[in-house]
Amino acid sequence: IAPSAFAKRGDLEARIGGNWFNRIGIIAIFLGVTFFLKYVVDNEWIGPAGRVLIGAAVGLAFLVLGERLRKNYPSYAFGLTGGGIAVLYAAIWFASGNRYGLIAQPVAFAFMAVVTATATLLAARYSALPIAVLGLIGGFLTPILLSTGVDNEAGLFTYIAVLDLGVLALAYSKQWRSLNYLAFVSTVLMFVGWMDQW
């Protein structure tokens, strides 16, 4: 067998073992935490504040573990970081007025904006496009998830403009053109959705 065949087989094994199983594992952990929290909620073992704190602690633990594994196991570190970002978004949403009402909507919005900024900084630090995409999706979902049903045109489009500027800076510095396209499509969809409703 030619050496190139060995190299291709090795690349395939690395992709399956290092990337695909990593992503499947992170999704499984995220779903496991979600179903565990649902089970806890259904049996009323822990109050709403406890549930949110557990979710936030898990998300932050993932970020810390991702940072520790970054140099030696970058693929796993990126997966853990992405999982941590997703769990933090979920914890903040549950804490918001749309669910448990533990924090006011503006505070929840600020926390989600901080998570989006954290995802952007970590994506730049790790040179990880998937983390940037996750942050972008979370950033654009934030106004939808925390909607109060009241039109706030100036606030919404100011937020989107700031988000787009951040995406533009990150995409330009890392040469991630796909991030620009994703931000453009997301902005258009947000505008069409706002226009249709208001």
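Just so we're clear, the structure is a prediction, and the values are computed from it rather than from any experiment.
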For the residue pair [X] and [Y], what are the closest heavy atoms and their distance?
X	Y	answer
Thr81	Gly66	OG1-CA, 3.9 Å
Leu134	Gly82	CD2-O, 3.1 Å
Ala56	Ala91	N-CB, 3.8 Å
Leu146	Gln105	O-NE2, 3.0 Å

Checklist entry - side-chain contact (heavy atoms from CB on, under 4.5 Å) with Ile92: which of Val115, Val107, Leu102? => result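 Going through Val115, Val107, Leu102 one by one, the side-chain contact (heavy atoms from CB on, under 4.5 Å) with Ile92 is satisfied by Val115 alone.
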
Is [Y] close to [X] at the side-chain level, that is, under 4.5 Å between some pair of heavy atoms?
X	Y	value
Met190	Ile144	yes
Leu136	Phe140	yes
Leu122	Leu63	yes
Trp176	Val167	no
Met112	Leu141	no
Val188	Val192	yes
Phe62	Val58	yes
Thr142	Leu163	no

[atom1] of [X] to [atom2] of [Y]: how many Å apart, nearest 0.5 Å?
X	Y	atom1	atom2	result
Gln175	Arg177	CD	CZ	8.5 Å
Leu65	Leu80	CG	CG	5.0 Å
Glu153	Trp198	CD	CH2	11.5 Å
Leu170	Leu121	CG	CG	9.0 Å
Phe191	Leu156	CZ	CG	10.5 Å
Leu179	Thr120	CG	OG1	8.5 Å

Is there a chain of hydrophobic side chains (I, L, V, M, F, W, Y, each step under 4.5 Å between heavy atoms) that links [X] to [Y]?
X	Y	result
Tyr100	Leu53	no
Trp194	Phe184	no
Ile137	Trp93	yes
Leu88	Val64	no

Item to check | Plane angle bin for Tyr126 and Phe78 - parallel if under 30°, tilted between 30 and 60°, otherwise perpendicular | outcome: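 Plane angle under 30°, so parallel.
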
Next on the checklist: As a quick check of understanding, evaluate side chain to side chain donor-acceptor pair (under 3.5 Å) for Tyr89 and Thr116, giving each step before the final call.
Outcome noted: CA-CA 9 Å; Tyr89 276 125; Thr116 301; 2.6 Å; yes

Checklist entry - Just by modelled atom types, is the Ser127 backbone N or O under 3.5 Å from a matching donor or acceptor in the Lys174 side chain? => result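 No, the answer is negative, given that no donor and acceptor are paired below the 3.5 Å cut-off.
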
